[in-house]
There are 2 protein chains.
Amino acid sequence: MKVTINDVAKLAGVSMKTVSRVINKEPSVRKKTYDLVMSAVNELNYQPNIAARNLAGTSSFAIGLVYDNPNAYYVIDMQNGVLSRCKDEGYELVIHPCSYLDDNMQDEFKTMIKRSRLAGLVLTPPLSEQQSIIDMLDELGVQYVRLLSGREGDISERNNCILVNDFAAAYEITEHLISLGHKRIAFVLGDKEHKSTSERLAGYHQALKDHNIEPCDDLLYEGSYSFESGVNGAKELLKDGNPNMITAILGGNDEVAAGALFAARLMNIDIPSELSITGFEDSPFSRQTWPKLTTAHQANDVISEHAARLLFSKARGSRKQDKDIKTTFTPSIVIRESTGPAK
Amino acid sequence: MKVTINDVAKLAGVSMKTVSRVINKEPSVRKKTYDLVMSAVNELNYQPNIAARNLAGTSSFAIGLVYDNPNAYYVIDMQNGVLSRCKDEGYELVIHPCSYLDDNMQDEFKTMIKRSRLAGLVLTPPLSEQQSIIDMLDELGVQYVRLLSGREGDISERNNCILVNDFAAAYEITEHLISLGHKRIAFVLGDKEHKSTSERLAGYHQALKDHNIEPCDDLLYEGSYSFESGVNGAKELLKDGNPNMITAILGGNDEVAAGALFAARLMNIDIPSELSITGFEDSPFSRQTWPKLTTAHQANDVISEHAARLLFSKARGSRKQDKDIKTTFTPSIVIRESTGPAK
DNA sequence: TGCCAGAATGACAACGCTGTCAATTATCTA
DNA sequence: TAGATAATTGACAGCGTTGTCATTCTGGCA
């Protein structure tokens, strides 16, 4: 019934170890031997047993994806990106959602790592930004790659980081609005614990500055990355008697923007003739709102796939950075119907 | 550094095997011995090595979740439900998205099973409905639990099925619309390969019949479970010159309903005064549309948690069905703002 | 008290693979 | 062509558990 490495070795007329070398793509196996083994592998339809590999080897054949993010679209994209790489490499993916507010999260996390002996971890924001987590992983000697909001050359230890340039994205979005004649541009910010929030804010400020527009704190709403926050933020910013004459709102992400859109509708404000709204990320539902959202496209599946690439390359201990791995991503603006000329 | 079962045994002054018995909750361990071992476990913070357990034991400590569903909310809920159970049981979850249209999906699937020696599988629709998959799993001798659309007593082999009563949900939704005075009720159907589509259609038909309303094929649009399909379906059904006088549309699910809402807006049709729209599932974005959707609440995380429960109980070989496991779920209607009296 | 069934525990060999290091073969140099 | 070096290959011992089966306790009963 079940085919083991020994069966393959016997059929190919080589030692078990040589088969092991072949399936692990180790160097110094003669081409002829390689082919011999491979045909035996195919004939028997041999599948190496992951548990045995994990047990015998120094590192395991599984990596973990750790996230604390309520956004389903984001998580699914992350998973799929990492998964596609895992499949190519013959690894398993252990998913680990967790709440970084939870006190024993860190312990639980540690337990998981010890149990599964993961080859490495992909960390997404905001966990990837937590120093205590990073310290723990360093102490445990676990490989990891961090997905971070930041600009090129931002981080000293950037050789295990994948950066998303939210600064540039926000700059570009803001500039787009300015070019449409907007001057009173509000911003419903995401969770302030997220680095992306401060990066996006910085990009927004820089764009205003470069175009000689005075920033104003009254135009900022400190919210979170949720639909509700978008609703509340927009209501607050647009409420009667607000002297700000807001003509555009940047949503912290697409969900927030969708919430703002929702609030605008409640208040009978027409988009985009009376108010322009923008998002970030270009998640599917930025195309499902009415009108569709102008946003900054961020290919999360591609990004996470590169994170996995980087992790594998590190795990293999390759000195030189693999040329195919891109470590900085800059979202680019997608103009749809939620933005228009300032009234 | 790493604590093994031997360290625990030494500290507790018992054999390795006894420790194994304790951590596996096997019977016939004296209370005193049990406590002794447990305190050693705690003192050393011992974590059994999953790989070794998988290798040595007859079945592994991981289950798989297989899905082919583009709906991120659905998938995340499924994952979280199963995951919460896995955590309690000390199992790992291997996620396996796949496309059931893909030709070599089945092979790939088989490969995964052989590699990981999974203790069992949770199958979601539409894969859970495919006989060829079921046959393969039976042949491979793999435990599985199917999530299926169906009514109580529907399926002979229902001891490894969790049923969602889409018939009842559709009946209730349709009846709600009828009670509001609607008579010309259209239905944008989901993928016809999904059993849920035919079940929902049957529930709709039954409700019409019970209220003496003649069904009419012109009111049906054969679409798929996507936003776009909702848009196209509604456009088609509502287009100028359509003599059907439609006053309400059932969306195949919330996405479809959101699409229909979108289309109505494009056509300047007011919801709900001119047209009522409903969804299924009560996914988060049924609360993010404008107006919010009337839909049928379906707790996918609870459902999938029960699927996992059932799987574990089967894997343990318990004869009698665990009393805590619910195997039939009936979604219940949630009335929001997208439905109103027929004009 | 002595004997015995049954409960509790232990010894030891797998599980299927990889790491280490030794043995063999091929290739190159003078 | 001998000798030396490098490239291949193989033997074997683990990796940390659990399954099997043998052994040692218990407590109950005559």
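First the proteins, then the strands, lettered A, B, ... as listed; each starts at 1.
Ion pairing of A:Lys87 with B:Glu108 is present here, as a side-chain N (NZ or NE/NH1/NH2) and a carboxylate O approach within less than 4.0 Å. Ion pairing between a basic and an acidic side chain is recognised when a charged N comes within 4.0 Å of a carboxylate O; A:Lys110 and A:Asp107 show no such pairing. Salt bridge annotation for B:Glu129-B:Lys195: absent, with no cationic side-chain nitrogen under 4.0 angstrom from a carboxylate oxygen.
Taking atom CZ of B:Arg21 as the reference point, atom C1' of C:dA7 lies 11 Å away to the nearest angstrom. We find that CG of A:Asp7 is positioned 9 Å from P of C:dG16, with the value rounded to whole Å. Between B:Glu26 atom CD and C:dA8 atom P the separation is 12 Å, expressed in whole Å.
How far CG of B:Leu163 is from NZ of B:Lys326: 12.0 Å, rounded to the nearest 0.5 Å. Rounding to the nearest 0.5 angstrom, the gap separating the CG atom in B:Asp77 from the OG1 atom in B:Thr124 is 12.5 Å.
For the side chain to side chain contact (heavy atoms under 4.5 Å, CB included) with B:Ser60, the qualifying choice from B:Val94, B:Asn54, B:Leu55 is B:Asn54, the only one to do so.
Under the 3.5 Å distance criterion, the side-chain polar atoms of B:Asn24 are left unmatched by any main-chain donor or acceptor of B:Arg21. Using a distance-only test at 3.5 Å, with no hydrogens or angles considered, a donor-acceptor pair links the side chain of A:Ser128 to the main chain of A:Leu147.
For the residue pair A:Tyr144 / A:Asp138, a side-chain donor-acceptor distance below 3.5 Å is found, with atom types taken as modelled.
In DNA chain D, consecutive stretches of 3 or more Watson-Crick or G-U wobble pairs with both distances under 3.5 Å are given as paired ranges: C:1-30 with D:1-30.
Within residues 27-43 of chain A, the residues having any heavy atom under 4.0 Å from DNA chain C are, by residue number, A:Arg30.
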For B:Asn49 and B:Gln47: C-alpha separation, side-chain torsions, deciding distance, then whether side-chain hydrogen bond (donor to acceptor under 3.5 Å, both in side chains) applies. CA-CA 6 Å; B:Asn49 177 308; B:Gln47 292 302 330; over 6 Å; no

Output one letter per nucleotide in nucleotides 12-17 of chain D: B when a protein non-hydrogen atom lies under 4.0 Å from the base, S when only the sugar-phosphate is that close, - when neither is. -BBBBB

